[in-house]
Amino acid sequence: MNNRITPIFNVLTTAWLGALAAQLFHEACHGIAAVLVGAEWQAFNLFAVLWDWPGASNEIGALIIEGSPALLNILTGFLAVGLFGRTMKQKRAMPALFWMYFAGYSLFIGFGYLFVDPLFYQPGGEQLGDWRKVIDALGGSWAVRIPILLVGASGVLWGFFWLARSTLRFAADATDKAERVRVSLPLMLVPYFAINILFTILAFWHPLGGQGMFIVAFQYWFGYVGFFWAFFLAAYWLDVNSPLPDPVALPDQPQPVWWIATGFVFLLTVAVLLPTIWFVQVS
């Protein structure tokens with residue numbers, strides 16, 4: 001394989017794996033939370049979970065099911081931030097790349113719900129889930145929505161700068177503008193477009209049809225736009241006056257273990273989760 005293509009392929013496999021792990025973790029948390037509060041987990045799809053109460057509904061339980069996944073994404077995102085730093089110190093480039101992408105996608109999906117749902121909440125309208133359900137249960141006033149929105153916006157903005165600084169850890173000299181562009185382009189901009197296009201295509205099989213396709217497209221192109229802006233921060237806008245300590249070079253040799261793992265997970269996702277796993281028969 002061409003020496004220019006191999007590093008990009010290495011990056012794309014870890015980026016895809018990180019994005020998919022964050023997506024699956026979010027949806028699985030909905031289902032697991034449903035089981036824990038006594039609801040029935042009926043179906044598991046790449047983009048959605050179906051659950052219902054076998055008997056009387058539980059309002060507190062419903063809020064846990066809808067609200068906890070975003071918070072768990074934030075928690076695991078910060079854990080991944082720590083693991084990224086640890087693997088960088090160990091000079092383990094591929095695990096570091098995975099944790100960087102998993103952290104970015106986890107933080108953006110978690111804080112993104114806290115940022116976007118207060119903006120799109122419609123008092124008296126149908127709430128599609130997650131934090132719009134929580135906001136509705138709390139009364140739906142701006143006194144409730146603004147603090148949640150500010151927490152979400154702060155977390156998303158922090159993610160922009162963390163991703164940009166993390167990207168520069170792979171530059172031999174972060175003060176060299178040409179080197180910054182060379183590293184940040186394949187690490188941030190290429191995965192942003194490649195993964196967004198792939199998930200937009202997969203969304204054609206969303207169980208909610210056209211509405212689901214729009215939700216996925218909005219989530220990936222807007223919700224993960226931090227990868228887009230992190231490229232410009234890393235390549236041009238951050239003020240870096242001295243080389244960052246202990247830079248780690250991007251691997252330029254094929255990484256077959258990561259390639260095979262990503263291919264296997266992708267095939268499993270398309271073959272099993274995209275068509276939907278049904279745990280119970282729903283009439």
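Worth knowing before you read on, the calculation uses all heavy atoms, side chains too, and leaves out hydrogens, waters and symmetry mates.
- Looking only at side-chain heavy atoms (C-beta outward), Ile8 and Val190 come within less than 4.5 Å of each other.
- A ring-centre distance under 6.0 Å is not found for Tyr105 and His26.
- Taking the side chain as every heavy atom from C-beta outward, Leu24 and Leu273 approach each other to under 4.5 Å.
- Using a 4.5 Å heavy-atom threshold, the side chains of Arg145 and Tyr121 count as touching.
- Annotation for Phe214: atom CZ does not count as buried by contact number, only 12 or fewer foreign heavy atoms lying within 6.0 Å.
- The only member of Tyr101, Phe102, Trp162 that meets ring pair (Phe, Tyr, Trp, His ring centres under 6.0 Å) when paired with Phe84 is Trp162.
- Atom CD of Glu40 and atom CG of Leu50 lie 9.0 Å apart (nearest 0.5 Å).
- Results of the side-chain contact (heavy atoms from CB on, under 4.5 Å) test with Val151 over Leu114, Val156, Ile146, Ile74 single out Leu114 as the only residue that passes.
- In terms of heavy-atom proximity, Arg180 sits nearest to Ala174 at CD-O, 2.9 Å.
- Less than 6.0 angstrom separates the ring centroid of Trp158 from the ring centroid of Phe78.
- For the atom pair CZ (Arg169) and OG1 (Thr167), the distance works out to 11.0 Å, reported to the nearest 0.5 Å.
- Between Ile148 and Pro118, the shortest heavy-atom distance links the atoms CG2-CG, 3.8 Å.
- Phe120 and Phe218 have their aromatic ring centers within a separation under 6.0 angstrom.
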Practice item. Could you go through the side chain to side chain contact (heavy atoms under 4.5 Å, CB included) check for Glu66 and Leu63 one step at a time? Key: CA-CA 5 Å; Glu66 298 294 347; Leu63 295 182; 5.8 Å; no
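- Between Asp252 and Thr6, the closest side-chain pair of non-hydrogen atoms is not below 4.5 Å.
- Considering every non-hydrogen atom in both Ala93 and Val248, the closest pair reads CB-CG1, 3.8 Å.
- Ile195 and Ile197 fall within the same hydrophobic cluster, where Ile, Leu, Val, Met, Phe, Trp and Tyr residues are linked whenever their side-chain heavy atoms come under 4.5 Å apart, directly or through other members.
- Around atom NZ of Lys91, more than 12 heavy atoms belonging to other residues, nucleotides or ligands sit under 6.0 Å away.
- Here the straight-line distance linking atom CD1 of Ile277 with atom CD of Gln42 works out to 14.5 Å at 0.5 Å rounding.
- Considering CD1 of Ile135 and CH2 of Trp142, their distance stands at 8.5 Å, rounded to 0.5 Å.
- Here the closest non-hydrogen pair linking Thr13 and Asn10 is OG1-O, 2.7 Å.
- Rounded to the nearest 0.5 Å, atoms CH2 (Trp51) and NE2 (His30) are 10.0 Å apart.
- Between Thr276 and Trp205, every side-chain heavy-atom pair lies at or beyond the 4.5 Å cut-off.
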Practice item. Start with the C-alpha gap between Leu97 and Trp258, add the side-chain angles, then the distance that decides, and say whether side chain to side chain contact (heavy atoms under 4.5 Å, CB included) holds. Key: CA-CA 11 Å; Leu97 282 172; Trp258 286 88; over 6 Å; no
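- Applying the side-chain contact (heavy atoms from CB on, under 4.5 Å) rule to Met213 yields the partners Ala203, Phe204; only residues at least two apart in sequence or on another chain are considered.
- Between Leu198 and Phe193, every side-chain heavy-atom pair lies at or beyond the 4.5 Å cut-off.
- In this structure, Phe199 has its ring center under 6.0 Å from that of Trp16.
- Residues Leu46 and His206 have side chains not in contact (no heavy-atom distance under 4.5 Å, counting atoms from C-beta outward).
- Atoms CH2 and CG, from Trp41 and Asp52 in turn, are 15.5 Å apart once rounded to the nearest 0.5 Å.
- Between Trp131 and Tyr113, the gap from one ring centroid to the other reaches at least 6.0 Å.
- Contact annotation: the side chain of Val240 approaches that of Arg165 to within less than 4.5 Å [non-hydrogen atoms, C-beta and beyond].
- With sequence neighbours left out, the side-chain contact (heavy atoms from CB on, under 4.5 Å) criterion links Leu83 to Trp99.
- Phe227 pairs in a ring pair (Phe, Tyr, Trp, His ring centres under 6.0 Å) with only one of the listed residues (Trp221, Phe108, Phe232), which is Phe108.
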